[in-house]
Amino acid sequence: METLAAAQSISSNTGWTVEAAVVGANIGAIAQEIAKVKLAKAYALEGTPLEHYTADAYVAALKQFVSAKHPRLVLMPHTYQVRDFAPKLAASLGRTLISDSVGYRKDGDKLVFTRQMFQGKFAADVSFSCDPPHFATFQAGAYRADKVEMGTSPAPVEKVAAQVDAGAIRVKPLEIFKEAKQAVDLTQAEIIVSVGRGIKEPKNIDLAKALAEALGGEIAASRPICDSGWLPMDRQIGSSGQTVAPKLYLALGISGAIQHIVGMKGSRSIIAINKDPEAPIFEIADYGVVGNLFDIVPALTEEVRKAKA
């Protein structure tokens with residue numbers, strides 16, 4: 001949905017038509033859901049070789065589809081799977097890919113995409129010099145899914161049969177690997193309570209966990225906390241961790257280093273609690289509380305529990 005929000009934004013500035021494609025097997029129901037968004041058309045690109053993800057099958061199917069439809073711009077979310085196949089897809093058509101964009105602007109007749117570099121310390125403006133189709137991916141949280149405009153009636157859905165030569169698929173998918181301890185996908189969390197070095201020692205993380213539990217959210221952390229082993233690495237937010245955009249992000253004792261900010265600045269509402277009034281986190285926070293988190297967090301947790309009682 002975030003990528004559809006980006007497409008609608010670009011459409012409003014260019015007048016280009018927005019169409020969406022879903023890739024896989026037995027995806028009719030998903031395509032019907034996507035068709036509820038304000039689109040000109042939705043496609044269900046289906047085929048048995050697409051039932052289990054492989055880069056070879058996805059590239060073969062999408063290359064045929066893109067070649068037949070002649071789009072000006074192909075947008076995709078910057079997920080692990082897209083990172084795997086999108087460069088090959090673009091190269092197979094003799095085109096380039098602008099990946100991990102955080103925004104765009106219109107400069108005359110061309111689009112300029114913004115990419116963060118050196119862990120968010122710099123931003124680069126990049127545009128295409130080749131002929132369409134152009135390929136670009138957007139970072140998670142760059143656009144808000146709740147900003148997607150829904151249609152007054154469902155868009156038409158066209159089923160497209162993917163012609164993929166089974167012999168061209170060089171990778172054989174095995175059963176999905178699962179860790180002994182299930183990793184958490186913080187990108188799906190609506191509320192995140194995140195802790196930084198201001199938490200001081202591991203035992204104090206229980207204060208944040210209690211608040212997260214009261215709010216019905218997930219616990220997360222900045223890199224130093226995870227590097228120290230106080231929380232698992234799958235709880236890390238930032239340029240070397242997960243990029244999130246929850247409805248509510250509470251930053252407890254987090255100073256606001258750029259490496260952390262690039263991973264959560266897309267949050268809808270940011271509340272920061274820090275004893276340092278000059279902490280950089282306050283520059284992006286919607287609400288800031290200057291004070292001792294060890295006094296504030298327990299009181300806040302108690303008030304949340306009372307409100308839910």
Side-chain angles (χ1 to χ4, degrees), residues 1-6 9-10 75 77-80 83 98-105 112-126 136-148 184-199 208 211-212 215 217-227 231 233-274 276-290 293:
M1 285 296 184
E2 291 181 5
T3 307
L4 289 173
S9 175
I10 292 174
L75 295 179
H78 195 68
T79 63
Y80 288 112
R83 293 183 215 184
I98 296 178
S99 63
D100 207 18
S101 305
V102 296
Y104 80 95
R105 61 182 172 84
V112 178
F113 293 84
T114 301
R115 299 183 71 251
Q116 293 175 332
M117 303 176 66
F118 301 105
Q119 295 187 327
K121 292 183 176 67
F122 298 96
D125 287 340
V126 188
T137 66
F138 276 107
Q139 186 181 103
Y143 288 85
R144 284 170 45 178
D146 63 321
K147 293 297 184 180
V148 170
V184 63
D185 183 5
L186 293 175
T187 63
Q188 302 302 311
E190 293 190 347
I191 299 174
I192 293 177
V193 177
S194 191
V195 297
R197 282 179 289 191
I199 206 71
L211 178 56
L215 290 167
E218 293 283 354
I219 187 75
S222 59
R223 180 171 178 171
I225 299 301
C226 295
D227 282 349
L231 281 175
M233 295 303 296
D234 58 27
R235 298 281 177 175
Q236 181 182 328
I237 302 294
S239 57
S240 56
Q242 297 195 51
T243 299
V244 298
K247 292 181 178 178
L248 177 62
Y249 189 92
L250 287 94
L252 310 181
I254 293 175
S255 62
I258 187 64
Q259 292 85 352
H260 183 77
I261 288 176
V262 297
M264 45 68 73
K265 64 186 178 69
S267 304
R268 192 180 309 180
S269 295
I270 300 171
I271 299 176
I273 301 175
N274 199 296
D276 180 8
E278 302 299 323
I281 192 69
F282 289 128
E283 295 178 11
I284 65 163
D286 297 289
Y287 302 95
V289 181
V290 178
L293 70 86

Is any side-chain heavy atom of K147 closer than 4.5 Å to one of S9? no
Nearest heavy-atom pair of A220 and L186: which atoms, and what distance? CB-CD1, 3.8 Å
Quick check for you: to the nearest 0.5 Å, what is the distance between I273 atom CD1 and Y287 atom OH? 14.0 Å
Determine whether V290 and F282 make a side-chain contact, defined as any pair of heavy atoms from C-beta on separated by less than 4.5 Å. yes
Supply the atom-to-atom distance L250 CG to I270 CD1, rounded to the nearest 0.5 angstrom. 10.5 Å
Which heavy atom of S267 sits nearest a heavy atom of P246, and at what distance? OG-CD, 3.2 Å
Give the ring-plane orientation class for F138 versus Y143, where under 30° counts as parallel, over 60° as perpendicular and anything between as tilted. perpendicular
Measuring only between side-chain heavy atoms, which start at C-beta, is V112 closer than 4.5 Å to V126? no
Evaluate the side-chain proximity of T114 to R105: yes if any heavy-atom separation is below 4.5 Å, no if none is. no
Should N274 and L293 count as side-chain neighbours, where that means a heavy-atom distance under 4.5 Å? no
Check whether any side-chain N or O of Q116 sits under 3.5 Å from a backbone N or O of F122 as a donor-acceptor pair, and report yes or no. no
If you take all heavy atoms of R223 and S240, which pair is closest and at what distance? NH1-OG, 3.5 Å
Distance from L252 atom CG to L211 atom CG, nearest 0.5 Å? 6.5 Å
How far apart are the closest heavy atoms of A208 and I219, and which atoms are they? CB-CD1, 3.4 Å
Correct closest heavy-atom pair for S101 and A142 would be O-CB, 4.0 Å
Would you check if M264 and T243 make a side-chain contact, meaning some heavy-atom pair closer than 4.5 Å? no
To the nearest 0.5 angstrom, please state how far the OG1 atom of T137 sits from the CD1 atom of I98. 9.5 Å
Taking 4.0 angstrom as the limit, do R268 and D146 come out as a salt bridge? yes
NE2 of H78 to CG of D100, rounded to nearest 0.5 Å, is 3.5 Å
Atom CZ of R197 with >12 non-hydrogen neighbours under 6.0 angstrom: no
Which distance, rounded to the nearest 0.5 Å, do you find between the CD of Q139 and the OG1 of T79? 12.5 Å
Ignoring hydrogens, what is the shortest heavy-atom contact between R144 and E2? Give both atom names and the distance. C-CG, 4.4 Å
Is S194 close to I254 at the side-chain level, that is, under 4.5 Å between some pair of heavy atoms? yes
Check whether any side-chain heavy atom of V244 lies under 4.5 Å from a side-chain heavy atom of I237, and answer yes or no. yes
